[in-house]
2 protein chains.
Amino acid sequence: MISIKEIAAKLGVSIATVSSVLNGKEKERRINAALADKIKRFALESGYHPNQVAVSLRTGKSRIIGLIVDNISGAFFASLANTIEKELEKYGYTVLYCSTGNNESKVETLIRILFQHNVDGYLVIPAAGMEEQLSELTSRKRPVVLMDSYFPDTKLPYVLVNNYEGTAAGIKHLIKAGCRNIAFVCNDISLVQMAERRRGFVETMISAKMQVGEDSILATPYMGEKGQVVRSIAAYLKKKRPDAVMFAANYLGVYGLEAIKKLGWTIPSDIGVVCFDDHELFQINTPEITAVKQPVEDIAQLAVKILMGEMGIEKKVTEQQVEIMGKLIRRKSV
Amino acid sequence: MISIKEIAAKLGVSIATVSSVLNGKEKERRINAALADKIKRFALESGYHPNQVAVSLRTGKSRIIGLIVDNISGAFFASLANTIEKELEKYGYTVLYCSTGNNESKVETLIRILFQHNVDGYLVIPAAGMEEQLSELTSRKRPVVLMDSYFPDTKLPYVLVNNYEGTAAGIKHLIKAGCRNIAFVCNDISLVQMAERRRGFVETMISAKMQVGEDSILATPYMGEKGQVVRSIAAYLKKKRPDAVMFAANYLGVYGLEAIKKLGWTIPSDIGVVCFDDHELFQINTPEITAVKQPVEDIAQLAVKILMGEMGIEKKVTEQQVEIMGKLIRRKSV
DNA sequence: ATATAGCGCTAAATCGATTTTGCAAAAACG
DNA sequence: CGTTTTTGCAAAATCGATTTAGCGCTATAT
């Protein structure tokens, strides 16, 4: 690995001159064009690439973006990460991926490590307990953009699907199909997005003048073991006997399908099904399951764009707290 | 962010003393215990953490491991990444994840970027075209460990499932269940692992004195569009009419299930099914699909261990090219 | 009597870049 | 011709750490 020092020595000039030329400041520094050319040519031929660590130490920038999620598994994340990486590459940035594994204590360590590596900006799927640290980051001029969820009390930029309208679209679809006794299965996470989906369900039902009460909603524990969740859904459905059900998350939909299978019911004749957030399985299942698909790519793209705006790499995006419409994919389950 | 310089100034000692103490070299450098304590206490109280970029520039180490894959989607990768991150955390290392997106030209750039960030070691799911660069890395004392596949011509360490034995186990399971006309569906990738699975099929069939010929194997194009692959599998099965089929990859299994559904055949009465590599869907499908599960966690753990050995962090692992047995998960499809 | 080793710490070199300042020589000016 | 400006580059400071060499003195060994 050749360094700038060696180039300078080989050409008999100072490292300052080499640095200036290679950073395109030859005009500004009035470097002789012939000399500049010679330096550029030599750098190219010798395969010189600046040591990023040294650059980072001096400039405080790293050309690295931290992507923080609680868990890497899951199609949502996979698709998100792919798009983000693709987008960031356009700007010459690399992704440093970290998962916090639902572990609050790890969050602090993690963010500190990234900060000490001069990570320039952060894309974050928020989890409880990181609010403060993320605000701290922004105040230290390390922009943060949230995805998938947000903190209601902060002004941190975010991009996510419109949970309210998405759920409403699903419910309206069921109503239009003639369902009258609609149930809603969600989990007990106290995050904003779940509350919004719930609100979408309740308000849509009310404004359609349909019956909706406490027993229209099942909130299963989030961290529950799979079998348990399936059983609780089955028990709920058996008691409630709805003619349609909407699941508020894709994993709930998957479990729900198993519950329905266990009950021996047939979709859509015995029960109509819609799920918020799509899942690979829904395309393969018999019958295929109607779902509200999250615009994952749009979310990722916009998040990157906002981040780049904050970092001064791109034109600043003024609308910093954005909800994007999801798309109802009509299949065979209604 | 307080720096070592500020600590030294505040305590009226030299930077070197602070550095020695905080790096646990107080004994070696015979630093006065009282002074050492004072320094440690002050560092703790002031929340000092060394700037990793500066450390990296000086030492040439970064405490970062690069995880290079071609594509982040897919359950295999997700599970792998999770375990790797967990293991590396034990050693105080962070993962820098990068995907090459099946793009040969990106590989070079990517590896160079990582190298310039002083990435200490590499965990790689190999793809064509990275052979040379990875060898280059090892010769520059940046250890590389491969997972999932390997390069037959290099001595790079690797950890992967025993493809031959795994396939053989699946085929034997079918034979034991009474199947006589067994088909094998693989893809046309010219990577070692697929060749091994194929060999596992053919040799097991032969040694069981069962008929096996050209028409026992379907090699579908890898990059094919989903619908096309499904159709080609369906056409093949319809013509061949086997009483059992083994799919050589989980995505082939998923497509295969669709093909079988399209043919209107019932599993396992019309056709027995085994798949190499498990998939979430296989547990949910009716009937559940028997599969040879890759020991993903074991692979990840061992790969990390070998890497740490090469980096001198742990005792060197002598067995550097390892194949781990997969596990046949008996379900309802045979 | 001289050489060596130990003490506890500091000064300075170093990693590889960027950036500010400085300084001759050449050019322009009066 | 003497002075100021401009030109074109070099020297040095800087980022924040690690690490080697050495300071000046005393105690022990040769």
Side-chain angles (χ1 to χ4, degrees), chain A residues 1-40 43 46-64 112-113 115-120 140-141, chain B residues 1-40 43 46-64 112-113 115-120 140-141:
Chain A
M1 271 293 169
I2 190 168
S3 73
I4 197 172
K5 195 190 288 183
E6 296 172 286
I7 294 188
K10 283 247 175 28
L11 295 181
V13 299
S14 83
I15 47 180
T17 307
V18 178
S19 175
S20 302
V21 170
L22 296 182
N23 287 2
K25 308 205 169 144
E26 32 175 320
K27 284 284 181 309
E28 185 182 324
R29 300 283 171 74
R30 301 179 282 251
I31 308 279
N32 185 298
L35 178 56
D37 265 13
K38 194 166 82 175
I39 292 175
K40 282 191 222 159
S46 60
Y48 169 76
H49 291 280
N51 180 315
Q52 290 309 124
V53 176
V55 172
S56 181
L57 178 61
R58 183 62 233 252
T59 63
K61 306 278 172 67
S62 64
R63 300 207 141 256
I64 289 183
R112 188 168 28 73
I113 291 176
F115 186 82
Q116 271 147 20
H117 277 286
N118 278 349
V119 165
D120 296 336
R140 296 198 198 215
K141 305 275 173 268
Chain B
M1 273 292 169
I2 189 167
S3 73
I4 198 173
K5 195 191 287 185
E6 297 172 285
I7 294 187
K10 283 249 175 26
L11 295 180
V13 297
S14 83
I15 302 180
T17 308
V18 179
S19 175
S20 302
V21 170
L22 296 182
N23 286 23
K25 305 202 172 150
E26 31 175 320
K27 285 284 181 305
E28 184 183 324
R29 301 279 172 77
R30 299 176 285 252
I31 309 278
N32 185 298
L35 178 56
D37 267 12
K38 195 166 82 177
I39 292 175
K40 282 192 222 159
S46 61
Y48 169 76
H49 290 280
N51 180 315
Q52 291 308 126
V53 176
V55 172
S56 181
L57 176 61
R58 184 61 236 253
T59 63
K61 305 281 173 65
S62 64
R63 300 207 140 255
I64 289 182
R112 188 168 30 71
I113 290 176
F115 187 81
Q116 269 148 20
H117 277 286
N118 278 349
V119 166
D120 295 336
R140 296 200 198 213
K141 304 278 173 267

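Throughout, protein chains are lettered first and strands after them, A, B, ... in sequence-line order, and every chain is numbered starting at 1.
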Going by side-chain contact (heavy atoms from CB on, under 4.5 Å), name the residues that satisfy it together with [X], two or more places apart in sequence or in a different chain.
| X | result |
| --- | --- |
| A:Ile113 | A:Thr109, A:His117, B:Thr94 |
| A:Arg29 | A:Ser20, A:Lys25, A:Ile31 |
| A:Lys10 | A:Phe42 |
| B:Ser14 | B:Ala16, B:Thr17 |

Give every residue pair that meets the side chain to side chain donor-acceptor pair (under 3.5 Å) criterion with at least one member in residues 51-60 of chain A, sequence neighbours excluded.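 Checked against side chain to side chain donor-acceptor pair (under 3.5 Å) - neighbours excluded - the pairs reaching residues 51-60 of chain A are A:Ser56-A:Asn118.
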
Name the nucleic acid region contacted by B:Leu35, choosing base, sugar-phosphate or nothing; use a 4.0 angstrom heavy-atom cut-off, strictly under.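 Sugar-phosphate: the residue B:Leu35, judged by heavy atoms under 4.0 Å, touches backbone atoms but no base.
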
Just to be sure I understand the rule, does B:Ser3 reach a base, reach only the sugar-phosphate, or reach nothing, if contact means heavy atoms closer than 4.0 Å?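 Counting heavy atoms under 4.0 Å across all strands, the contact made by B:Ser3 is with sugar-phosphate only.
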
With Watson-Crick and G-U wobble geometry limited to distances under 3.5 Å, how should the secondary structure of DNA chain C be encoded in dot-bracket form, using | for bases paired to another strand and [ ] for crossing pairs? ||||||||||||||||||||||||||||||

Shortest non-hydrogen contact between B:Val55 and B:Pro50, atoms and distance: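 The pair with the smallest heavy-atom distance is CG2-CB, 4.1 Å.
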
Do B:Phe115 and B:Arg140 come close enough that some side-chain heavy atom pair is under 4.5 Å?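 Heavy-atom side-chain distance check passes, below 4.5 Å.
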
Is there a side-chain contact between B:Asp120 and B:Ile64 (heavy atoms, below 4.5 Å)?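 No, too far: nothing below the 4.5 Å cut-off.
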
Using a 4.0 Å cut-off on heavy atoms, which residues in residues 4-14 of chain A reach DNA chain C? List them by number, or say none.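 A:Ile4, A:Lys5, in order of number.
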
Using a 4.0 Å cut-off on heavy atoms, which residues in residues 24-31 of chain A reach DNA chain C? List them by number, or say none.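 Those residues whose heavy atoms fall under 4.0 Å from DNA chain C, taken from residues 24-31 of chain A in numerical order, are A:Lys25, A:Arg29.
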
Rounded to the nearest angstrom, tell me the gap between atom CD1 in B:Ile15 and atom C1' in C:dA11.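 It works out to 10 Å between those atoms.
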
Could you check A:Ser62 against B:Val53 for side-chain contact (heavy atoms from CB on, under 4.5 Å), going step by step and ending with a plain yes or no? CA-CA 9 Å; A:Ser62 64; B:Val53 176; over 6 Å; no

Identify the 5'-most and 3'-most nucleotides of DNA chain D with at least one atom closer than 4.0 Å to a non-hydrogen atom of chain B.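 Going 5' to 3' along DNA chain D, contacts run D:dC15 to D:dT20.
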
At what distance, to the nearest 0.5 angstrom, does [atom1] of [X] lie from [atom2] of [Y]?
| X | Y | atom1 | atom2 | result |
| --- | --- | --- | --- | --- |
| A:Ile15 | A:Leu22 | CD1 | CG | 12.0 Å |
| A:Ile7 | A:Ile2 | CD1 | CD1 | 5.0 Å |
| B:His49 | B:Met1 | NE2 | CE | 7.0 Å |

Taking the nucleotide of DNA chain C with the nearest heavy atom to each, does B:Ala16 or B:Leu57 sit closer to the 5' end?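 Checking each residue's closest nucleotide, the 5'-ward one belongs to B:Ala16.
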
Nearest-nucleotide comparison on DNA chain C, the residue closer to the 5′ end among A:Arg58 and B:Thr59: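 Per heavy-atom nearest nucleotide, the more 5' residue is B:Thr59.
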
Residues in salt bridge (Lys or Arg N to Asp or Glu O under 4.0 Å) with B:Lys40, at least two apart?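 Salt bridge (Lys or Arg N to Asp or Glu O under 4.0 Å) list for B:Lys40, sorted by chain: B:Glu26.
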
Minimum-distance nucleotide to B:Thr17 side chain [options: C:dT19, C:dC9, C:dA11]: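 Selected nucleotide (nearest to the side chain): C:dC9.
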
